[in-house]
Amino acid sequence: WQSHDDAWLRQLPPQDPPFLPPAAVETEAAQVRKGVLGLLHLGKMPTETEVALATVYFLADRAVSGETFMPSGGLSLERSITERELFGSPKRERLDAMRGRTVWLIGEHLVEYLAEAVRQLVGECHVGRIVFLAQTDAGVAAVRSALRSVPPDLLHVSAVGDDVEAGMDAALQKHGFPTTIVSTPFAPLPARVFGAPGDAGLAPHDFRQFVHDHLTHHFRIARKASLIDGTQLVLVAPDVPFGTDASGTGFALANFVKTTLHAFTATIAVENERLVHDVPVNQINLTRRARSEEPRNEAEHLEEVKRFGRAVLLAGAPLPDAEDSRYRSRIYRGMAITV
């Protein structure tokens with residue numbers, strides 16, 4: 001049955017009074033807002049330490065790939081991943097603890113920076129041996145050329161190829177335990193960005209190689225170094241040479257590596273505090289937060305190089321024993337220093 005009087009179906013609501021009471025709208029809006037905020041937990045974000053601890057236990061599951069290390073997005077910065085400007089120098093007693101000791105430098109791309117670190121390690125700390133692990137014979141030649149002023153009996157350079165783990169094992173057997181391991185990439189950043197149009201874009205296999213060179217490389221070294229007693233591990237984020245990045249591609253890729261390493265540094269630092277080897281892990285950033293802060297001339301570049309050498313001493317010098325000072329033994333762990 002259908003009524004013949006269906007004019008009411010075509011009626012419109014009056015224009016003057018609202019169709020829904022404003023008070024009811026505000027009440028519902030408040031409930032929705034409260035419900036969404038409650039689901040997101042924006043009022044009580046987890047700290048990076050809590051995230052790192054949760055990640056460690058999460059990765060114990062063999063079914064987990066572990067591709068995400070920072071679920072909180074870095075909204076809460078604490079000691080475990082704080083990125084700070086380089087400030088001050090290590091105390092004399094920390095530098096004296098490196099006298100006569102062995103230091104490993106791994107890398108091939110940042111030879112100028114590593115050479116400055118070697119000069120400061122020899123001049124300030126009087127280390128007994130520098131073990132430099134490059135990737136190729138050309139890298140070995142570049143290292144020896146940059147470090148001609150270093151006494152030959154202090155410098156031991158070798159090429160490890162793609163098997164950096166075997167190179168570290170051989171160095172450990174030949175030269176003994178290192179007091180500091182500095183991990184830098186073997187290859188520079190690509191000149192293209194992922195997702196660019198046409199042939200100018202970074203192809204998927206090139207992106208995989210980029211991740212392997214600048215992230216997996218540090219993971220492989222950290223996995224071995226974390227099982228060496230009495231050492232400090234320093235991970236180095238890539239550099240963008242001044243005057244070579246007009247499009248900003250290199251800066252974008254460098255920041256991608258830097259922030260990803262933040263999460264890994266925080267995670268591995270917390271994990272190593274649970275291991276018997278107790279290896280502190282810190283990070284040095286050669287890319288700043290804004291392109292305007294990057295070096296713009298040779299003088300600023302040389303200043304950055306010297307600051308890098310000082311950062312290696314600050315992050316790589318031995319820390320006080322926990323029995324002497326629990327606070328000072330923990331203060332330089334999981335930290336990212338920007339030079």
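Because only heavy atoms are used, hydrogens play no part in the values below, and waters and symmetry mates are left out as well, while side chains stay in.
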Interatomic distance, [X] atom [atom1] to [Y] atom [atom2] [nearest 0.5 angstrom]:
X      : Y      : atom1 : atom2 : result
Leu261 : Ile284 : CG    : CD1   : 12.0 Å
Thr265 : Leu235 : OG1   : CG    : 4.5 Å
Leu105 : Leu110 : CG    : CG    : 11.5 Å
Glu26  : Gln31  : CD    : CD    : 12.0 Å
Leu155 : Phe132 : CG    : CZ    : 8.0 Å
Phe256 : Phe210 : CZ    : CZ    : 5.5 Å

Under a 3.5 Å distance rule, please check whether [X] uses its side chain to pair with a backbone N or O of [Y] as donor and acceptor.
X      : Y      : value
Glu294 : Arg288 : yes
Arg129 : Leu154 : no
His126 : Asp96  : no
Ser145 : Ala141 : no
Thr179 : Thr102 : no
Glu300 : Arg296 : yes

Do [X] and [Y] touch side chain to side chain, with heavy atoms closer than 4.5 Å?
X      : Y      : value
Lys258 : Asn255 : yes
Glu304 : Phe308 : no
Ser226 : His277 : no
Thr231 : Pro178 : yes
Lys224 : Val164 : no
Thr216 : Val211 : yes
Arg92  : Glu124 : yes
Val339 : Arg310 : no

Residues Glu303, Lys306: salt bridge by 4.0 Å N-O rule =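 Judged by the 4.0 Å cut-off on N to carboxylate O distance, Glu303 and Lys306 do not form a salt bridge.
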
Positive for side-chain contact (heavy atoms from CB on, under 4.5 Å) with Val157, one of Leu147, Val143, Leu133, Ile130 =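 Going through Leu147, Val143, Leu133, Ile130 one by one, the side-chain contact (heavy atoms from CB on, under 4.5 Å) with Val157 is satisfied by Val143 alone.
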
key: Member of Leu313, Val127, Leu121 meeting the side-chain contact (heavy atoms from CB on, under 4.5 Å) criterion with Leu95   =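 Going through the options one by one, the only one that passes is Leu313.
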
message = Show me the pairs that pass side-chain hydrogen bond (donor to acceptor under 3.5 Å, both in side chains) and involve residues 103-112, at least two apart or across chains.
response =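 Matches after skipping sequence neighbours: Glu108-Thr136, Glu112-His301.
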
task = Dump the intermediate steps for side-chain contact (heavy atoms from CB on, under 4.5 Å) on His262 and Asn285, then the final yes or no.
result = CA-CA 10 Å; His262 282 174; Asn285 299 326; 3.4 Å; yes

Smallest separation among heavy atoms of [X] and [Y], with atom names:
X      : Y      : value
Val279 : Ala225 : CG2-O, 3.6 Å
Ala317 : Met98  : CA-SD, 3.7 Å
Gln232 : Pro318 : NE2-CA, 3.6 Å
Val111 : Ala142 : CG1-O, 3.9 Å
Pro238 : Leu189 : CG-CD2, 3.8 Å
Ile221 : Ser183 : CD1-OG, 3.1 Å

key: Ring centers of Phe264, His218 separated by less than 6.0 Å   =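 Ring centres of His218 and Phe264 not closer than 6.0 Å.
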
key: Donor on one side chain, acceptor on other, Asp169 and Gln173, under 3.5 Å   =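 No, Gln173 and Asp169 have no side-chain donor paired with an acceptor closer than 3.5 Å.
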
request  = Output, in order, the C-alpha distance, side-chain angles, deciding distance and verdict of side-chain contact (heavy atoms from CB on, under 4.5 Å) for Arg307 and Glu116.
outcome  = CA-CA 9 Å; Arg307 286 164 64 87; Glu116 176 60 28; over 6 Å; no

ask   = Hey, quick one: are Leu302 and Tyr113 part of the same hydrophobic cluster, counting side-chain heavy atoms closer than 4.5 Å, chains of contacts allowed?
value =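 The answer is no; the residues belong to distinct hydrophobic clusters.
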
key: Hydrophobic cluster identity match, Val234 and Leu227, side-chain contacts under 4.5 Å   =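 Shared cluster, no.
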
task = Please test Thr287 against Phe251 for side-chain contact (heavy atoms from CB on, under 4.5 Å), starting from the C-alpha separation and ending with a verdict.
result = CA-CA 7 Å; Thr287 302; Phe251 185 77; 3.5 Å; yes

key: Flag if over 12 foreign heavy atoms under 6.0 Å of CG, Asp162   =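 Not more than 12 within 6.0 Å, no.
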
